[in-house]
Amino acid sequence: MTRLVLIDGSSYLFRAYHALPKLSNDLGEPTGALFGVVNMLRGHLKEQPDLLAFVVDASGPTFRDDLYAEYKANRPPMPEDLRAQVEPMMQIVEALGIPVLRVSGVEADDVIGTLALQAAEQGIEVTISTGDKDFAQLVRPGVRLVNTMSGSVLDSDAAVEAKFGVKAAQIVDYLALMGDSVDNVPGVDKCGPKTAAKWLGQYGDLDTVMARADDIGGKIGENLRAALDRLPLSRQLVTIKTDVELGQGPQDLARREPQRDELIALYSRYGFNQALRELTGEGPAGKPTATRPAAMDERPDPAMAVKGQYHCVVDLDTFNVWLDRLAKADAFAFDCETDALDAMQANLVGLSFAIECGEAIYIPLQHRYPGAPTQLAAETVLGALKPLLENPAIGKIGQHGKYDLHVLRRHGIDVQGYRDDSMLASFVWHSAGLRHDMDTLAKRFLGYDTIKFEDVCGKGARQISFADVDLEQATAYAAEDADITLRLNQVFKRKLEGEPGLEKVYRDIEMPLVEVLTRMEANGVLIDAEELRRQTRDLSKRGLQVQEQAYAVAGRKFNLDSTKQLQALLYDELGLPVLVKTPKGQPSTNEDALEAIADQHELPRLILEHRSMAKLRSTYTEKLPEMINTDTGRVHTSYNQAGAATGRLSSTDPNLQNIPIRTEDGRRIRTAFIAPEGRRIVACDYSQIELRIMAHLSEDPGLMAAFESGQDVHRATAAEVFGVPLEQVDSGQRRAAKAINFGLMYGMGAFTLAQQLGIKRGEAQDYIALYFRRYPGVQRFMEGARMQAHQYGYVETVFGRRLHLMEINSRRHAQRAGAERAAINAPMQGSAADIIKLAMRSVHDWLIPHADKAMMIMQVHDELVFEVDTDFVDTLLPEVKQRMQAAVKLRVPLVVDAGVGVNWDEAH
DNA sequence: CAAACCGACGACGTC
DNA sequence: GACGTCGTCGGTTTGA
């Protein structure tokens, strides 16, 4: 069957302009909107339609202006940097060989409408590509609508009804009732999508609605009656003409031969590298970048994959030669070999260094297997290396260097000049979707197969210590580490030089943080083990009581910790209804599920009670005392700087970023995070930082004003959404507003919000609609994030960190929807992470000379925790607050709240 | 042949 | 939305 694609050029250009960041090429010419349009066009061309046309508005008035002088009177003039992209767009369209239609006296919509119906009558399959919902009125068999930016498709009456709540044939009436403030089409006051759909559902069409206007009560009925005489005009304005005299038909719209040279020139000028590659046949073409993020990485230089020359240094003369070379080097790569994974208790077994790619040394210090050769004394080697390692002028390069910094620190060396880290460079280069360990990076960026730790030491129970590895193997493994680190660093240095934004994130945010985290981890936190043991006893006792009750109620014993047994008991034996399923489709026994059936049986409540106590005990009160380091008497978490796709830190062994706070029993655990005698715990946290970032990024005046004036945002939101004065907001309204604020930040839809608030889906939908009406900037921002994600495969933080969304163009709906939600949340979560990282460095610098009086001990995403001499608290507080608040200048103020106490609970 | 180990899953703690 | 950790469960590997 013949296929025709009609592209609504103006609508795309306009939408791409508002959705995408303000990009420009090397010449400084704006290219953001252009980029969006070109990608959209390439998408359509890939489908190889038989016929297609690019339709744009002609200049000058149209018949609608004659009908209504005020038509589009509210339209602001086209921004200059958008206007500048119109001509290049037309050049590219021409060069692509796409027929262009531009008819004066009517709008592009009317041209498209006319052609669509003509073609449909001829049995041609028509696709209208547009970002404008008004076109839904044209959907019918043979005519479908696609929006390549949002990925949505309206291909049937059912699809239209699902989206708008009215049939395609009712869309015109629907639009007329609502009116359109942008085009200045008058509608019925206070009549939005819901009301319009309701009326049309009830009465069928606009004429009937108007005839029965007197039946509709309330304020909205009055508004309807007041609008009666202008509604016919509105209907005329929103009706797309389908009978324009065109002088040509669908059959005249075959694509011409593209002008290849012209296209190459245009693509290069505007920096559309991917389009260029596709055109010139270099590299794989076809799928969008997002589905193959590795494309531009995977061309390792073959020279990087050759094996290096490695030496084992066991005599003083050779060592001195290398010491001299290291001292004269601008920078070198280094790596520590140890006997344990935990940096806080690992012993140094040997050291390796590399100054030039392809050559490296290993200096064994503590290999202790039978027949091991004599090695240099650790004190001698470390003593000689100390001045170099502590010299900030000599750059140090590592892979996950925080580990090595710990080991050396514990051997009396305070490394300075830690300049590059290939793990962090890789993380900034592409935070998601790949691992950043050396073996993976070497394979991918160098095409090099490294010796694996397991090949040298074995695994599982039979694993031996590195100290037991013979020197030959140890050298091959260890020296390689330093060499590969150096090679990787070279590769990333080149890559990042080509991406100034990413380079800055790496240089200004990540690298300076390494020392801060090392210090903070080394500081550790004091834990009151006795208090936790008391809590363990208490929780065990109460847990046992609940368990007895549960057995009694069930009439038999069972394993309360086994979801499988619970599932059988609740749903099979007791026959309770299955209301929630797990992602794998099993009947769920999670909190929501049990809560939902709690009114039908005693057991669910008991299970929940037992679970919460078991969780607290097994994860916290029992485990934390075990994690106390025997040397320091404190707990030292490990922060993973390259773990979270949004740029956040994560914390392991133990995870100190999920210590309970919400429940009474949970919060008590925080009383065991204590300050020693004479000291206090100080906790400083950013107030509403992600919401403030949303205000900043969206530039929404309402939201910005709420923060500007220092109001309670949730209350302010409630006042706006529910239309009541600030002081009359009740607690329920505030709660709902808070849920909306949170939900939207997580990209939540009406369904999840409804669940969260325990209301109907439709009601939640109304709240969201109302919210967007009050904060239109927020809606624009969210749509923009979604579109940017679709176009580029990533979104960005305030500082330009890229957050890739691997699944954004997935064929699977659930995956794609998840990625779209992530696209909304990631810029806020990621920007918040950037900000606190900068703040940490700033605070760290100030703390250096006060190390004996105060130290930073924890970071929990938006909170920094300190242990401070009691008489130093008043000095520290204002300084830390100030540094946190001044970490970055946003369009809204940053506010930091602080608390002081003898334990973490009190400090809140 | 039992003990140890491993990975997937479901659940739940935080921001 | 982003994480890490726990216990269970079923399957595999290990080692006495």
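In what follows, chains are A, B, ... by sequence order, proteins preceding strands, each numbered from 1.
- Summarising the geometry, the separation between CG on N640(A) and P on dG4(C) is reported as 7 Å, rounded to the nearest angstrom.
- Aromatic ring pairs are classed by plane angle as parallel below 30°, tilted from 30° to 60° and perpendicular above 60°; the pair F427(A) and H436(A) is perpendicular.
- The phosphate of dA2(C) (OP1 or OP2) has no side-chain N or O of Q657(A) nearer than 4.0 angstrom.
- In this structure, N825(A) atom CG and dG1(C) atom C1' are separated by 3 Å, rounded to whole Å.
- Relative ring orientation between F558(A) and Y551(A) is described as perpendicular, the plane-to-plane angle rising above 60° on a 0-90° scale split at 30° and 60°.
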Query raised in the report: Given the rule in the salt bridge (charged side-chain N to carboxylate O under 4.0 Å, His left out) test, do D834(A) and R801(A) qualify, once you have shown the distances and angles that lead to the verdict?
Result: CA-CA 8 Å; D834(A) 289 346; R801(A) 182 195 300 274; 2.8 Å; yes
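- The footprint of chain A on DNA chain B, defined by a heavy-atom cutoff below 4.0 Å, extends from dC9(B) to dC15(B).
- Proximity of a side-chain donor or acceptor of S651(A) to a complementary backbone N or O of P654(A) within less than 3.5 Å is detected.
- The residue Q565(A) sits close only to the backbone: its heavy atoms come under 4.0 Å of sugar-phosphate atoms, none of a base.
- If you measure from atom NE2 of H610(A) to atom C1' of dC6(C), you get 13 Å, rounded to the nearest angstrom.
- At the heavy-atom level, A645(A) lies under 4.0 Å from the strands shown only through sugar-phosphate atoms.
- Contact annotation: S562(A) side-chain N/O to dC9(C) OP1/OP2 distance is under 4.0 Å.
- Taking atom CD1 of I689(A) as the reference point, atom C1' of dA2(C) lies 15 Å away to the nearest angstrom.
- E591(A) comes within 4.0 angstrom of the backbone, heavy atoms only, and of no base.
- Regarding M806(A), its CE atom lies at a distance of 15 Å from the C1' atom of dG1(C), rounded to whole Å.
- In the model, T717(A) has a side-chain atom that pairs as donor or acceptor with a side-chain atom of N741(A) under 3.5 Å.
- Straight-line distance from the CG atom of L803(A) to the P atom of dA2(C): 11 Å, rounded to whole Å.
- One can place OH of Y639(A) at 13 Å from P of dG4(C), the figure rounded to the nearest angstrom.
- If you check every strand for non-hydrogen atoms under 4.0 Å, R821(A) touches sugar and phosphate atoms only.
- Taking a 6.0 Å sphere around NZ of K452(A), one finds it holds more than 12 heavy atoms contributed by other residues, nucleotides or ligands.
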Report task. Kindly determine whether R542(A) and D665(A) satisfy salt bridge (charged side-chain N to carboxylate O under 4.0 Å, His left out), including the steps that lead there. Result -> CA-CA 12 Å; R542(A) 289 160 55 203; D665(A) 280 332; 2.8 Å; yes
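- Contact annotation for I824(A): no contact, since no heavy-atom pair falls under 4.0 Å across all strands.
- For S650(A), a side-chain nitrogen or oxygen approaches OP1 or OP2 of dG4(C) to under 4.0 Å.
- Rounded to an integer number of Å, the gap from M858(A) CE to dG4(C) C1' is 16 Å.
- Salt-bridge check for D862(A) with R648(A): failed, with every basic side-chain N at 4.0 Å or more from each acidic carboxylate O.
- Distance from the side chain of K623(A) is smallest for dG7(C) among the nucleotides dT8(C), dG1(C), dG7(C).
- Across all strands, K564(A) comes closer than 4.0 Å only to sugar-phosphate atoms, never to a base (heavy-atom distances).
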